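This report concerns only the one structure given below.
On a predicted model such as this, the values are computed, not experimentally measured, just so you know.
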Amino acid sequence: QVQLVESGGGLVQAGGSLRLSCVASGRTFSTNAMGWFRQAPGKEREFVAAISWSDRLYYADSVKGRFTISRHNAARNIVYLQMSSLKPEDTAVYFCAARLRDIVSVTSSDYAYWGQGTQVTVSS
């Protein structure tokens with residue numbers, strides 16, 4: 001059974017940092033593109049960042065320069081999202097997702113597997 005489990009969310013003041021982790025299990029994910037999305041209350045789920053097996057990176061304009069996506073060097077089924085200079089508008093539930101292909105995508109429907117999400121709250 002495929003599982004994606006996120007961790008690392010929490011409450012932080014504006015300007016602070018958090019690191020989210022995602023562990024994928026149940027199949028081999030080392031050669032799959034993985035991504036992070038977020039959903040704020042009353043809003044649609046939006047793309048945040050994605051990474052391919054070869055570490056090709058892609059970011060939403062709203063987080064570029066503040067967030068960094070990466071994969072564990074040895075355990076390629078673990079993906080991180082380092083978030084810095086956080087803003088109140090970054091408040092959302094953050095979801096980890098995995099594709100069946102090694103092509104990064106900003107479209108949520110391209111991702112086959114999803115985690116349950118982790119809450120990030122940034123206070124002003």
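Side-chain atoms of Tyr111 come within 3.5 Å of backbone N or O of Ser105 as a donor-acceptor pair. Proximity of a side-chain donor or acceptor of Asn32 to a complementary backbone N or O of Arg99 within less than 3.5 Å is detected. Looking at Gln39, its side chain never comes within 3.5 Å of a backbone N or O of Glu44 through a donor-acceptor pair.
Contact between Ser123 and Leu11 at its shortest, heavy atoms only, is CB-CD1, 4.4 Å. The minimum heavy-atom distance linking Ala14 with Pro88 is given by the pair CB-CD, 4.1 Å. Summarising the geometry of Leu100 relative to Ala112, their closest heavy-atom pair is CG-CB, 3.7 Å, with the distance given to 0.1 Å.
By the 6.0 Å and 45° rule, Arg71 does not stack over the aromatic ring of Tyr80. For the pair Arg45 and Trp114, the cation-pi test (distance below 6.0 Å, angle within 45°) is passed.
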* Asked: Asp55 and Arg76: salt bridge (charged side-chain N to carboxylate O under 4.0 Å, His left out), yes or no, with the steps?
  -> CA-CA 10 Å; Asp55 291 342; Arg76 304 291 288 171; 3.0 Å; yes

* To do: In sequence, state the C-alpha distance, the side-chain angles, and the governing distance for Thr118 and Leu20, and then conclude on side-chain contact (heavy atoms from CB on, under 4.5 Å).
  => CA-CA 8 Å; Thr118 185; Leu20 306 183; 4.0 Å; yes

* Verify side-chain contact (heavy atoms from CB on, under 4.5 Å) between Ile51 and Val104, making sure each step is shown before the conclusion. => CA-CA 6 Å; Ile51 185 169; Val104 295; 5.6 Å; no

* Does the pair Ser21 and Glu6 meet the rule for a side-chain contact (heavy atoms from CB on, under 4.5 Å), with working shown? -> CA-CA 6 Å; Ser21 300; Glu6 304 98 335; over 6 Å; no

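The hydrophobic clustering, which links ILVMFWY residues whose side-chain heavy atoms are closer than 4.5 Å, places Val48 and Leu18 together. Cluster annotation: Trp53 and Ile78 are assigned to distinct hydrophobic clusters (Ile/Leu/Val/Met/Phe/Trp/Tyr, side-chain heavy-atom contacts under 4.5 Å, transitive). A single hydrophobic cluster is not seen to contain both Leu57 and Val106; linkage of ILVMFWY side chains at heavy-atom distances under 4.5 Å, directly or through other members, places them apart. Phe37 and Val122 end up in different hydrophobic clusters when Ile, Leu, Val, Met, Phe, Trp and Tyr side chains are linked at under 4.5 Å. Both Met83 and Val12 belong to a common hydrophobic cluster when Ile, Leu, Val, Met, Phe, Trp and Tyr are linked at side-chain heavy-atom distances under 4.5 angstrom.
Other residues, nucleotides and ligands contribute at most 12 non-hydrogen atoms within 6.0 Å of the NZ atom of Lys43. The environment of CD in Glu46 is crowded: more than 12 heavy-atom neighbours from other residues, nucleotides or ligands sit within 6.0 Å.
Within the model, atoms CG of Asn77 and CD of Gln3 stand 12.5 Å from one another, a figure rounded to the nearest 0.5 Å. Note that the OG atom of Ser84 and the CZ atom of Arg66 stand 9.0 Å from one another [nearest 0.5 Å]. Taking CZ of Arg19 as the reference point, atom OG of Ser7 lies at 9.0 Å (rounded to 0.5 Å). Summarising the geometry, atom CG belonging to Leu81 is positioned 12.0 Å from atom CE belonging to Met34; distances are rounded to the nearest 0.5 Å. Annotation: the span from Ser17 atom OG to Phe67 atom CZ amounts to 9.5 Å, rounded to 0.5 Å.
Side-chain contact annotation: Tyr94 with Arg38, donor-acceptor N/O pair under 3.5 Å present. Between the side chains of Thr121 and Gln119, at least one donor N or O sits under 3.5 Å from an acceptor N or O. Residues Ser54 and Ser52 have side chains that bring a donor and an acceptor to within less than 3.5 angstrom of each other.
Note: Tyr59 and Phe47 fail the aromatic proximity criterion, with ring centroids not under 6.0 Å apart.
At a threshold of 4.0 Å, the pair Asp90-Lys87 does not count as salt-bridged, since none of the basic side-chain nitrogens sits closer than that to a carboxylate oxygen.
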